[in-house]
Structures are given as structure tokens and as C-alpha cells.
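One structure is given below, encoded as C-alpha cells.
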There are 2 protein chains.
Amino acid sequence: MPILSLDAIDMRILSALQWNGRLSNVDLAVEVGLSPSPCLRRVRLLEEGGYISGYRAMLGRESLGLGLTVFVGIKVERHDDESASALENKIDSMPEVVACHLVSGESDYLLEVVVPDLVSYERFLRNTLLKLPMVRDITSNFAIHRVKSESPLPLTHLVKSAGA
Amino acid sequence: MPILSLDAIDMRILSALQWNGRLSNVDLAVEVGLSPSPCLRRVRLLEEGGYISGYRAMLGRESLGLGLTVFVGIKVERHDDESASALENKIDSMPEVVACHLVSGESDYLLEVVVPDLVSYERFLRNTLLKLPMVRDITSNFAIHRVKSESPLPLTHLVKSAGA
DNA sequence: ATCTAAAGTGGCAGATAATTCCAATTTCAT
DNA sequence: ATGAAATTGGAATTATCTGCCACTTTAGAT
């Protein structure tokens, strides 16, 4: 909804905060070449404009005993709006599902599920996912090794020549 | 590597910071029922122990002109360690790839790619992904609608009965 | 039950950062 | 060029961070 009117300094602010969300405003100001006052004002505007949607501490999955990530494909029976909304609301409320997209291709929905181990996953699959209505088929692809995840977004496409 | 020795207060700290990574230490202390000093000490220990791996500002993809998310499946020719490391290093260095896992099932690698639009994706696919060595096949599944993403991790499995 | 040692907590104080206000500067359109 | 609007920088105030130290709680041994 907000129209892009970000200059090079805004981009540097977004990039810096995307890599270190707890950067103090003074340090951020130095990094982007501004004094603290206008820097803070820009950050607030970026927050209010929806360019920054929030801040998160990233947790160590393995350290916290969340050793298993599963990518789950779901095919549904029908695609009418009511069924879809109902399904999506239920999925949205499942804490084990850290991401879910309606996608093209083999499956209708693609989910990323995070659980402690296989036993937990089986329980989640049987008690929760397979109990969903309108589900025709479920495919589980287990993550064997994480190359990268929760990575910052690419902003290079806006760096040169301010986007429209 | 770190052994779990987190009590209920640590869990509340992790949960609170996972939802709001910029919570001030004073507010965090109130929320978890501690005074600021021990609260800050716990946060530092959680950071040093790898339970908190960093902080990120979450950016609005659509607001920033990153309207297209694609889930890409890659099948590789061979699975020896050298080839895999080389491939993974290259993938890791691609800013458009915000996540990548070695997975079981149809594909060997599953990638989440974020780009402005179809034109950008085509360019990325032709100029970057298809230029990777050892790639046998690539499948692109386009995200049509985002139900949820970048969601906090489920910590309920540790809430009651402190984990070992 | 008591004692002891270790760990954890709370409050204080100096240093640092956030936030507001306003004058000065820059930007932009005319 | 000229004026209006937006943006900036600095000072002052307020809030927060952070290290230090004494006190309390906890756990284990006797």
C-alpha cells in the first residue's frame, strides 16, 4: 500500500537494521551518515509506513531442542474462498508452522514446520495436520541440513536509481 | 552444543524477545518478573550461549517491491562432499535466496527465493541458478499468497517441565 | 535440622542513549 | 532567483543501560 519514496539513506537504515535489529540509534546514525535526530525520525517513519514490520530476536533452533524442520506439501479438495480461509486460519494458529504459502505446482500449500524430533512430528502430523478438513494429500520433506535460513531480504534492487 | 539449562524465566525472555526484539531491558524485566540487572545478565548469557543468535528488523516485502517469492527445488548430479560444499557456498552467497535446505524427497535442495517480479526471477534463474555446476534439474513453485512467514519459533515444548 | 558455598537477585550510580524542540539549512517548484 | 516546504543538526531533558556490591535464596553435605 505505501508508495516507494525511499532514498539512499533509508535504504542504508533498512539494511543496517535488517542485519542488526538492536543497533542503537546513535550507532545507526553514524553508519548511515546522519545525526541521531533525523535518523530516529526516519526509522519511525519507516516503521509507520510498514517498511519495517517489526523486530525479532533470532533463536538458535538446535540449542533450543528444535532439531527437526519439515517442509510439508498439502493438497486440498476444493479451492472455494470459504474453505481456503478456514484452512488458512487454522494453519496460521499452529505455532509449529513457522511459514505457509499457497503455491503453484504439485502441492497447494507449502508449510515449514519446526518441531523437536521425529516423535513430535508424527504426533503433530497425526493429531493436527491430518485432522484438517478438506485435505486430500500431505507430503513431508525433511530438512537434512540447513544451508541458510531466515536470511535478510535482498535490497540491492533499490540501491542504485531510486525505485518508483 | 550448549546444554539446555533454561528455567521458566529464560523461556519468557526468549519468547518476549522473539516477538519484540527491540523491547527495552526495563520493559523486558517487568514482563518476565525480574529487576533490570539480572534480566540483562540473563539476556547476555542467552546471547553468548547461542540461544539468541541475533536480532533482525523484519521488512515489509511488498512495501519494498519484493512482490515475488518462489520456492525452488534443485536436483544435483552427485552428492560428494566437495561438490555439495561448493554448491552450498555459492547458494549461501546469493542474496535473493533467503533460505536453503538440503531435503529428503523429490528435490535435493529446497530454496526460498525473493525477487521483485517475474522478470527479475527469470533473470535470476537464467543468469545465476542455471549457471550453477552439478545441477540436474530445477523446479519453480511460485508463491501465490502468503498465509504466514518468518513466524516466531514454537517454544511451548519447553514451557512446562524444564527441558533436560 | 543446620551449616556452608555457590548462584542468583536487587538497588545504586555513572555512563550512554533516546527523544523533543527549534533554529538553520537544504530542496524543489515556480 | 525566490519563497515555501521539508529536512537536518544540536542542545537539553528524560529514560535506559550497565557494572558493582551487598543481600537473599538455593542446594548439598553433615
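Given the structure is predicted, the values throughout are model-derived calculations rather than measurements. Quick note on labels: first sequence line is chain A, next is B, and so on, each numbered from 1.
- Contacts between residues 33-46 of chain A and DNA chain D, counted as heavy-atom distances below 4.0 Å, involve L34(A), S35(A), S37(A), P38(A), R41(A), R42(A).
- One finds no salt bridge joining R22(B) and E47(A) here, because no Lys/Arg side-chain nitrogen approaches an Asp/Glu carboxylate oxygen to under 4.0 Å.
- Applying a 4.0 Å cut-off to non-hydrogen atoms, none of the residues of residues 22-30 of chain B approaches DNA chain C.
- In this structure, D7(B) places its CG atom 17 Å from P of dT25(D), rounding to the nearest Å.
- Rounded to whole angstrom, the span from the CD atom of E47(B) across to the P atom of dC17(D) amounts to 12 Å.
- When all heavy atoms of I13(A) and R42(A) are compared, the closest pair comes out as CD1-CB, 3.7 Å.
- Ion pairing between E48(A) and R44(A) fails under the 4.0 Å rule for side-chain N and carboxylate O.
- Environment of CZ in R126(B): sparse, with no more than 12 heavy atoms of neighbouring residues, nucleotides or ligands closer than 6.0 Å.
- Y55(A) and V26(B) are assigned to two separate hydrophobic clusters, defined by single-linkage of ILVMFWY side chains at heavy-atom distances under 4.5 Å.
- Checked against the 6.0 Å centroid threshold, F71(A) and F71(B) do not count as a close aromatic pair.
- T69(A) and R146(A) share no donor-acceptor pair across their side chains, judged by distance under 3.5 Å alone.
- The distance from the CG atom of D137(B) to the NZ atom of K75(B) is 4.5 Å, given to the nearest 0.5 Å.
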